[in-house]
Each structure stands twice: as C-alpha cells, then as structure tokens.
Amino acid sequence: MTATDAGSKGVAGRGPTSRFAGKTTSALPANTRLTQQSKPRSKLLPILALTALASTAITSLGVTSANARAEEPEAREASKEYRKLTPYDAVYKTSTSGLSIKLRRSLTMDASGDCRLTSEGKLLVAGISEVSLFTLDGENIQPRSYVYQLSGPVSRRREVHFDKDSSVIRSLYKKEWYELPKTGATLDRMSQQEQLRLSLLNDPTPKDDILFHVADGRKVKEYRLLFAGEERLETPMGWVNTLHFERDHDDPDRQSGVWIAPEWDYLMVRTVHIDDGKTIEANLISADIAGTAVTGANS
C-alpha cells in the first residue's frame with residue numbers, strides 16, 4: 001500500500017502496530033490549488049464519486065459509541081456536563097488516480113442548538129455537495145437528515161431522513177426509497193464524523209474497539225473502529241499530534257485510516273482509504289475553529 005503525493009509525514013507512537021506504519025508522504029504546500037489537468041471523462045467521474053469518501057472517510061470510519069449509547073438516560077444526565085462541538089471551517093485536498101479536488105467543510109450552529117454540517121467541492125464541470133442536519137443530546141448526536149448531490153455529466157442524489165415520530169429511517173438510493181430499521185444509535189454518513197469528535201471531546205481516552213452504525217443506501221451498515229496509536233504529523237499549518245484509527249475490514253484488500261488532532265478540537269487531519277488497489281487520500285490544508293486559524297508546531 002502506498003499513499004499519494006498529498007500526504008502528511010507521520011511518526012508512529014503508542015498503540016497497536018498500524019497497517020499504515022512507515023507509509024508516509026511529503027507535506028502539502030500551503031498554497032495547494034485545485035488541479036485541473038485535461039483528463040478523460042472516465043477519470044473525472046471516479047474522483048467525484050470517491051471524493052465522497054473524503055467526507056465519509058469515516059464511512060471508512062465513523063463512530064457511534066456503544067458504551068455511551070447503552071447508558072441509562074438518568075445516569076447520563078447525572079454524570080457530568082458534556083462538552084459541545086465548536087463551529088469550524090476546514091479545507092481538505094482529496095487526491096486519487098492523479099487528480100485532486102479541494103473540499104470545504106463547515107459546521108455551523110444556530111441559537112437553538114441545531115447543527116448544519118456541509119461539504120462542497122468542484123472539479124471541472126462537476127461538483128459535489130453534502131449537507132447533514134442534526135442536534136446534540138449530551139455526548140450523542142441526534143441526526144435529522146442527510147443529502148448528497150453529485151452534479152455534472154452524471155447526476156446522483158442520496159437522502160436519509162430521521163423522523164422522530166416514525167419507526168423507520170427513510171433512505172433514497174438510486175432513485176428508490178427504502179425503509180431502514182430505526183435505532184437511537186444510527187447516524188448518517190456525515191454526522192458520524194462529528195459523533196467521533198464529540199465522543200473524543202467527552203472521553204479523550206481512545207477505545208481500542210468501538211462499534212458504530214450508519215444508514216447508507218439500502219441498509220444500516222455496522223463498522224468497527226480500532227485505535228492504532230498516536231502519531232505526530234507534519235501539515236501545512238505545522239506539526240501536530242494525532243490519534244490514529246483504522247477500520248476493521250472483512251476484506252484484506254480494503255484498508256482505511258484516519259488521523260484526528262486533539263489540540264485542534266479533534267478535527268480530522270488526514271484520511272486514507274484503499275480499495276481494489278486504488279488509494280484515496282484527504283489532507284487538511286487549512287482550518288479555523290470558532291474564527292481562529294489553527295496552527296501547529298515548527299517541529
């Protein structure tokens with residue numbers, strides 16, 4: 001497994017041996033721009049379809065803490081005052097098959113506590129947009145809806161709706177609606193990433209084994225997230241310490257890893273997904289949290 005040019009340098013720390021260990025790449029220049037080489041349409045569409053993994057690279061990962069969900073409501077309410085998510089604006093460079101695209105991701109919250117997570121990017125004549133709406137309940141996210149839109153030569157749309165008065169989750173996939181089983185632990189492909197951040201904000205000791213569920217297409221998928229250790233990465237903003245997680249895949253040819261920075265409010269810094277010999281890599285190239293730009297160390 002090799003990473004693409006858009007990587008970050010990492011130094012392995014504590015934790016189990018990582019399948020990504022020793023596979024590092026050079027840091028991105030701070031002024032990285034959207035690459036717009038002249039490519040055949042056959043190469044244009046895969047980057048847009050796979051770019052969804054930059055925002056769902058925790059669909060290669062993601063989390064719904066089984067321990068937190070299993071607690072009785074009374075115990076959760078009496079235990080502590082929970083830390084909340086902080087609004088942010090981040091830009092990621094996603095690369096695969098010689099193409100790259102910038103994705104801008106933003107989390108905003110209104111006065112009533114409703115959260116809106118968006119991710120947008122454009123490559124040549126095609127664009128991708130994702131929107132997830134959710135609320136917070138202590139250390140858990142309560143999803144409301146998710147919409148994914150791919151526009152351009154090919155148009156694709158996905159939706160997931162969590163109606164609190166309904167016993168099912170409604171999911172639009174390939175122009176057909178499906179009814180999925182509803183549980184309090186199921187999230188959508190974007191809100192799962194904020195659940196990971198929220199869980200770590202309230203319990204900074206990574207679990208070795210975390211189970212999670214995501215409503216995706218025609219079914220609710222179950223994933224297991226493994227803590228691989230601590231690593232120090234070099235980014236365009238400077239060096240930063242990260243927590244490295246990997247997804248436990250049944251298929252040995254599929255590998256997924258994500259690196260989260262505790263000192264940057266547990267933002268995702270890097271993610272790598274490998275499937276059928278193809279590598280998709282997303283790296284954080286700029287971000288601000290509550291209006292303040294993130295910065296790392298010089299070394």
Validation row: I141, L136 side chains within 4.5 angstrom (heavy atoms): yes

Determine whether P87 and T108 make a side-chain contact, defined as any pair of heavy atoms from C-beta on separated by less than 4.5 Å. no

Decide yes or no for Y82 and L198: does some side-chain heavy atom of the first lie under 4.5 Å from some side-chain heavy atom of the second? no

Between CG of L201 and CZ of R83, what distance do you get to the nearest 0.5 Å? 4.5 Å

Distance check, rounded to the nearest 0.5 Å: E263 atom CD versus T242 atom OG1? 9.5 Å

Side chain to side chain, C115 and L107, heavy atoms closer than 4.5 Å: yes

Can you tell me if Q195 and S199 form a side-chain donor-acceptor pair at under 3.5 Å? yes

Within-4.5 Å side-chain heavy-atom neighbours: R144 and F162: no

What's the spacing between R270 CZ and E281 CD if we round to 0.5 Å? 4.5 Å

Does T186 use its side chain to pair, donor to acceptor, with the backbone of H213 at less than 3.5 Å? no

For P262 and L243, which heavy atoms make the closest approach, and how far apart are they? CG-CG, 3.9 Å

Look up atom CG in L99 and atom CD1 in I280, then write down how far apart they are to the nearest 0.5 Å. 12.0 Å

Calculate, to the nearest 0.5 Å, the distance between atoms CG and CE belonging to D114 and M109 respectively. 11.0 Å

Would you say S256 and H273 are linked by a side-chain donor-acceptor pair, where the criterion is simply a distance under 3.5 Å? yes

Do L180 and L133 share a hydrophobic cluster (ILVMFWY, side-chain heavy atoms under 4.5 Å, transitive)? no

Is there a donor-acceptor pair under 3.5 Å between the side chain of T96 and the backbone N or O of T279? yes

Angle between ring planes, W259 versus H244, binned at 30° and 60°: parallel, tilted or perpendicular? parallel

If hydrophobic clusters are built by linking Ile, Leu, Val, Met, Phe, Trp and Tyr wherever their side-chain heavy atoms come under 4.5 Å apart, do V131 and L150 end up in the same one? no

With a 4.5 Å limit on heavy-atom distance, are the side chains of N241 and E230 in contact? no

Evaluate the criterion side-chain contact (heavy atoms from CB on, under 4.5 Å) for residue pair W264 and L284; output intermediate values, then yes/no. CA-CA 11 Å; W264 292 347; L284 181 67; 4.1 Å; yes

Tell me the closest heavy-atom pair linking Y266 and P204, and the distance in Å. OH-CB, 3.2 Å

Over 12 non-hydrogen atoms of neighbours within 6.0 angstrom of CD in E222: yes

Taken to the nearest 0.5 Å, the spacing of E194 CD from L187 CG works out to 11.0 Å

For D137 and N140, indicate whether the former's side chain and the latter's backbone hold a donor-acceptor pair under 3.5 Å. no

What I'd like to find out is whether the side chain of L267 reaches to under 4.5 Å of the side chain of R197, using heavy atoms alone. yes

Donor-acceptor pair between S155 and Q149 side chains, under 3.5 angstrom: yes

Electrostatic pair D110:R116 at N-O distance under 4.0 angstrom: no

Between Y92 (side chain only) and M268 (backbone N and O only), is there a donor and an acceptor less than 3.5 Å apart? yes

Locate the shortest heavy-atom distance separating K182 from S166; write the atom from each residue and the value. NZ-O, 3.0 Å

Indicate yes or no: at least one non-hydrogen side-chain atom of L172 is less than 4.5 angstrom from one of Y146. no

